[in-house]
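All values derive from a computational prediction rather than experimental measurement. When a ligand or atom number is given, it counts from 1 through the structure's own listing order.
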Amino acid sequence: MTLPAFKLLRPRTIEETVTFLDRHAASIRVLAGGTDLIPSMQQKLFEPEYVLDIRHIAELKGIRQQQGSGVEIGALTTLTTIEQSSLLRRRYPVLTEAAATVASPILRNMGTIGGNICLDTRCLWYNQSLTWRKGCGFCIKKDGDLCHVAPGGTKCWAAFSGDTPPALLCLNAEVEIVGPAGARRVPLRDFYTGIGDNYRKLQPSELLTRIFLPQSTADYRGVYRKLRIRGSIDYPLAGVAVVLKRSNGHIADARIGITAVNPAPVLVKGVREKLEGKAVDEALAEVVGDLAARTAKPLTTSALTPEYRREMIRVFTKRALLAAASN
Ligand SMILES: Cc1cc2nc3c(=O)[nH]c(=O)nc-3n(C[C@H](O)[C@H](O)[C@H](O)COP(=O)(O)OP(=O)(O)OC[C@H]3O[C@@H](n4cnc5c(N)ncnc54)[C@H](O)[C@@H]3O)c2cc1C
Ligand code: SF4
């Protein structure tokens, strides 16, 4: 599969990047590590006139501890850097665990945390070559007007399938977005729309620049578990992040984030209320697993059945919770 023709732009600063984005907003794509964008362009899912290669913006790379107020991560920081960061491993272990499960080592060397957060949603009927999609008929997400997954509906249900966002949601992360009107900082939980073909609140003229992990969730115990077909490389088909804080053997705070089973990564509601002040045992973990499974709304967007993926959310939640409570 060949790449469509495009003009390559290589800014060196955030200001230059925003100028390019603003000028060519009608047909431009940001390229960070390119590990998802390039295969998607080869499949002709995106055919932008301009590709904006942001890899040379030095200020967007690296992990910085902020005095007394958590950690700042540049959007271009690679997943390998995150996985290997002793600071993050010690203070935000759920994030390093999730990053370590993305794709394969080579892809993690290229892939960035910003790209993982901004990752396009996925569907069996969408992530295919142009020839395949032509043969089966185009759908709402690209070039068509019907949905093969929910026929008769008008909404796209493609699943958000990034591994780090559920962990970041659990940590109450915020993201900085820079555009022509300046910079704004938003909680990650407000970044996603829950609509498969318009999944993030990011204008074409905007860039995600930084991620902030608050001091308040530092040192929370954390575990990430994911379901995939090939353990060495595949996207998640169901993923669960668990964080908790203990005090005197009991849970003082807890959050669970799930991915790959809805059009957005989401936090499971009611987790803290169920766990606060209690010690985690099999029965309680089972109850919370049920809660997570009820939050998952998988459809036939992947090779595994929705029933199996929902069941694995229940099983992984239970296992992750027991593991986090015991380590
Ligand atoms: C075989 C294979 C397996 C994979 N397995 C997994 C997996 O298990 N888990 C997983 O989470 N991902 C997986 N991926 C997807 C991908 O490798 C990762 O999600 C990676 O983190 C994407 O980062 P990137 O920098 O390469 O993004 P890119 O491909 O450069 O960009 C991805 C998207 O984000 C946009 N974007 C990137 N950075 C920014 C920014 N700073 N501001 C605004 N928009 C931006 C791009 O325009 C594009 O739309 C896999 C990919 C492949 C090819
Ligand atoms: S969920 Fe429906 S509209 Fe969305 S990509 Fe899949 S088939 Fe297309």
Side-chain angles (χ1 to χ4, degrees), residues 14 17-18 21 28-42 45-46 48 51-55 57 60 74-80 82 98-104 106-128 133 136-151 153-167 175-179 195-197 199-200 202-211 226-237 239 259-260 263 265 299-302:
I14 296 175
T17 305
V18 172
L21 285 172
I28 192 164
R29 281 277 162 180
V30 170
L31 177 135
T35 59
D36 193 68
L37 184 76
I38 296 296
S40 299
M41 285 178 62
Q42 286 171 324
L45 294 171
F46 308 127
V51 169
L52 188 64
D53 175 2
I54 60 171
R55 287 176 300 166
I57 308 177
L60 292 185
L76 284 179
T77 308
T78 66
L79 295 163
T80 299
I82 287 174
T101 72
V102 173
S104 65
I106 292 169
L107 289 165
R108 292 197 292 277
N109 287 344
M110 295 287 292
T112 65
I113 181 100
N116 201 239
I117 292 170
C118 294
L119 192 64
D120 193 11
T121 53
R122 296 184 64 79
C123 175
L124 203 56
W125 300 89
Y126 169 73
N127 297 97
Q128 303 288 354
R133 285 182 288 118
C136 286
F138 295 121
C139 71
I140 295 169
K141 188 157 161 74
K142 172 84 179 142
D143 298 332
D145 55 7
L146 57 84
C147 174
H148 300 289
V149 168
T154 52
K155 183 179 167 183
C156 169
W157 294 94
F160 181 83
S161 306
D163 282 303
T164 65
V175 289
E176 180 187 71
I177 292 166
V178 178
I195 301 166
D197 59 340
Y199 59 99
R200 55 188 187 184
L202 189 75
Q203 297 301 318
S205 58
E206 291 181 325
L207 183 73
L208 191 148
T209 46
R210 282 176 254 269
I211 299 101
K226 81 187 253 192
L227 173 71
R228 52 178 164 179
I229 295 177
R230 295 168 299 179
S232 56
I233 194 164
D234 280 331
Y235 288 85
L237 296 176
T259 190
L299 294 174
T300 48
T301 53
S302 79

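With hydrogens and angles ignored, the 3.5 Å screen pairs no side-chain donor or acceptor of Ser205 with any backbone N or O of Gly179. Side chain of Thr209 to main chain of Glu176: a donor-acceptor pair is present (N/O by atom type, distance under 3.5 Å, no hydrogens or angles). Distance alone, capped at 3.5 Å, places no donor-acceptor pair between the Arg29 side chain and the Met41 backbone.
Of the candidates Ile117, Val30, Leu60, Leu208 forms a side chain to side chain contact (heavy atoms under 4.5 Å, CB included) with just one, namely Ile117.
With sequence neighbours excluded, no residue forms a ring pair (Phe, Tyr, Trp, His ring centres under 6.0 Å) with Tyr126. Annotation: side chain to side chain donor-acceptor pair (under 3.5 Å) contacts of Tyr235 (sequence neighbours excluded): Asp36, Arg122.
Under 4.0 Å from any atom of ligand 2, one finds heavy atoms of residues Cys123, Trp125, Tyr126, Cys139, Ile140, Lys141, Cys147, His148, Val149, Cys156, Trp157, Ala158. Contacts of ligand 1 (protein heavy-atom distance under 4.0 Å) are Arg29, Val30, Leu31, Ala32, Gly33, Gly34, Thr35, Asp36, Leu37, Ile54, Ala75, Leu79, Thr101, Val102, Ala103, Leu107, Gly111, Thr112, Gly114, Gly115, Asn116, Cys118, Leu119, Ser161, Gly162, Asp163, Arg200, Leu202, Leu207, Leu208, Lys226, Ile233, Asp234, Tyr235, Pro236.
Summarising the local packing, CD1 of Ile106 is surrounded by 12 or fewer heavy atoms from other residues, nucleotides or ligands at distances under 6.0 Å.
Within the 4.5 Å cutoff, the side chain of Thr301 has no heavy atoms near those of the Thr121 side chain.
Atoms CD1 and CG, from Ile211 and Asn116 in turn, are 9.5 Å apart once rounded to the nearest 0.5 Å.
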